[in-house]
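These notes are about the structure you will find just below.
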Amino acid sequence: MKHRIVVLGAGYAGAFAAGNLARRLSPADTEITVVNASPDFVERMRLHQVAAGQDIARRKLADVFAGTGIRLRLARVTGLDPERRTVAVTGEDGPGELPYDTLLYALGSSAAHHGVPGVAEYAFDVTGLGSALHLRERLDDLGDGGSVLVVGEGLTGIETATELAESRPGLSVALAARGELGAWLSPKARRHLREAFDRLGVTVHEYTAVAAVEPGRAITADGTVLPAEVTVWSAGFAVHPIAAAAGLEVAATGQIVVDESMRSVSHPEVYAAGDCAYAIGENGRPLPMSCASAGLTNMQATGAIIARLTGDEVPATGLKYVGNHISLGRRDAIFQMVGEDVRSKPWYLGGRPAARLKSGILKGAEWGIAHPTFGLPKRRRRLAPASGRAGVRVAA
């Protein structure tokens, strides 16, 4: 019987991983299934552009995986039984189960509400295609003269606020930051960021913690009222509780605790990649939830899976976070390098060169997703005898 590999999620981490596995493992020994709720690949790093009203080309996952040997199951993951090695799903054909021998968990993340009253009911976010389109529709209804408050001074908040201000100049856009805007940036990059906010007319409320969201306004921790016809919540990310409910060892964040090979420390048949993996980087700190981390963790996870199934030594991918790349609309950006201590280095790249660099990175990522088995070798690797049997635990 073929070794059944199931990949949960077809975002940046899951889609890249599935293509890598199909590219390097022989279909005579393995069966790869990808489970994803949406039929389209979602470029999450462009969702703030979608919300702003820009049209982003969508790729059907069925087209992406056509001819690769990868099976696509359009369904929502509802549960996981690591003892029976099954995944519970529900889709158009109703509920069902998928058995696996090796599982790669890459379900990503959603907006973290942090228990703030009113966020779930009244705030918008850009963590998914549906939510970004919902925000876009609301902004279309709002029209010129409307007020928007973006909550959160991280990369998503900054990119969303600047994109909305540039694409919809008739809006009054503000951002609420718990601390200083761009505090983690180098002094020159921080000045560049502030100049961009000033140029785009984005009002900044620094050292402002939003304690509640209500229709037409947000309330800060000190009781100040921030009028906003639309509140966009971008104050962090949260993972789905499926892994924790299944009994996998998870961190306080709900992320799956993994070793250096992205293998679950409690269930060796399970690997994690992307936002749902609690992985420690070379600096001794957890990797941030980001596309860069998705790339690092999916490379390590797929390398480890392939090595263990084929009887080779597990390779080591450097889990080193090198910097932040922040879009400031379509014609401006900041690329900030960081050191091993995650402190910003003095040098940064800004303006149009940085914007062109990020555009190139996004196009490269999208091209890689669209060609998952590019460079397919004529002879793909066969599994070691014990690893090819369903029900046999992969070697340590």
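In this text, all values refer to a predicted model and were calculated from it rather than measured experimentally.
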*asked:* What I want to find out is whether E195 reaches K188 closely enough, with some N-O distance under 4.0 Å, to be called a salt bridge.
replied: no

*For T30 and R382, test the side chains for any donor-to-acceptor distance below 3.5 angstrom and give the result as yes or no.*
no

*asked:* Treating T297 as the side-chain partner and G274 as the backbone partner, does any N or O pair qualify as donor plus acceptor under 3.5 Å?
replied: yes

*Taking atom types as modelled, find out whether D332 and H192 have a side-chain donor-acceptor pair closer than 3.5 angstrom.*
yes

*Quick one: list whatever passes side chain to side chain contact (heavy atoms under 4.5 Å, CB included) with A88, sequence neighbours left out.*
T78

*Is the closest side-chain donor-acceptor distance between Q54 and E163 under 3.5 Å?*
yes

*Under the side chain to side chain contact (heavy atoms under 4.5 Å, CB included) rule, what do I158 and L181 come out as? Steps first, then yes or no, please.*
CA-CA 9 Å; I158 291 172; L181 178 67; 4.3 Å; yes

*Pairwise side-chain contact, W233 with V213, heavy-atom cut-off 4.5 Å (strictly under)*: yes

*asked:* Strictly distance-based, threshold 3.5 Å: is any side-chain N or O of S147 a donor or acceptor partner for the main-chain N or O of E229?
replied: yes

*Measure up the F124 and H134 rings against each other and bin them: parallel (under 30°), tilted (30 to 60°), perpendicular (over 60°).*
tilted

*Is V258 close to E249 at the side-chain level, that is, under 4.5 Å between some pair of heavy atoms?*
no

*Identify, with sequence neighbours excluded, every residue that meets side chain to side chain contact (heavy atoms under 4.5 Å, CB included) alongside D81.*
E83, R84, T86

*Would you mind reporting whether T127 and L47 have side-chain heavy atoms less than 4.5 Å apart?*
no

*Within a strict 4.5 Å, meaning less than it, do heavy atoms of the P353 and K358 side chains meet?*
no

*If a pair satisfies ring-ring contact (aromatic ring centres under 6.0 Å, His included) and one of its residues is in residues 26-57, list it, with sequence neighbours excluded.*
Y12-F41

*For atom CE of M299, decide whether the heavy atoms of other residues, nucleotides or ligands shown that lie under 6.0 angstrom number more than 12.*
no

*Can you tell me how far the SG atom of C291 sits from the CG atom of L155, to the nearest 0.5 Å?*
11.5 Å

*Check salt bridge (charged side-chain N to carboxylate O under 4.0 Å, His left out) between D55 and all other residues, then give those that pass, not counting sequence neighbours.*
R136

*Sequence-distant partners of D259, salt bridge (charged side-chain N to carboxylate O under 4.0 Å, His left out), two or more places apart*: none

*Does the side chain of Q336 reach to within under 4.5 Å of the side chain of S186, using non-hydrogen atoms?*
yes

*With side chains defined as the heavy atoms from C-beta onward, is the minimum distance between H325 and L357 less than 4.5 Å?*
yes

*Would you find more than 12 non-hydrogen atoms of other residues, nucleotides or ligands less than 6.0 Å from Y278 atom OH?*
no

*Report the C-alpha distance between L175 and T160 in whole Å, list the side-chain angles of each, state the deciding distance to 0.1 Å, and finish with yes or no for side chain to side chain contact (heavy atoms under 4.5 Å, CB included).*
CA-CA 10 Å; L175 182 140; T160 301; over 6 Å; no

*asked:* I'd like to know if R44 and D275 make a salt bridge, using a cut-off of under 4.0 Å between side-chain N and carboxylate O.
replied: yes

*Is R71 atom CZ crowded by more than 12 heavy atoms from other residues, nucleotides or ligands, each under 6.0 Å away?*
no

*Indicate yes or no: does E166 engage R330 in a salt bridge with an N to O separation below 4.0 Å.*
no

*Any side-chain donor paired with an acceptor under 3.5 Å for Y271 and R308?*
yes

*asked:* Would the distance check show the side chain of H240 and the main-chain N or O of L107 forming a donor-acceptor pair, the cut-off being under 3.5 Å?
replied: no

*asked:* Using a 6.0 Å cut-off, check whether atom CD of E121 has over 12 heavy atoms from anything other than its own residue.
replied: yes

*Any ion pair linking R76 and E92 (charged N to carboxylate O, less than 4.0 Å)?*
no

*Who passes ring pair (Phe, Tyr, Trp, His ring centres under 6.0 Å) against F237, sequence neighbours left out?*
none

*Under a 4.0 Å N-O cut-off, is there an ion pair linking R217 with E214?*
yes

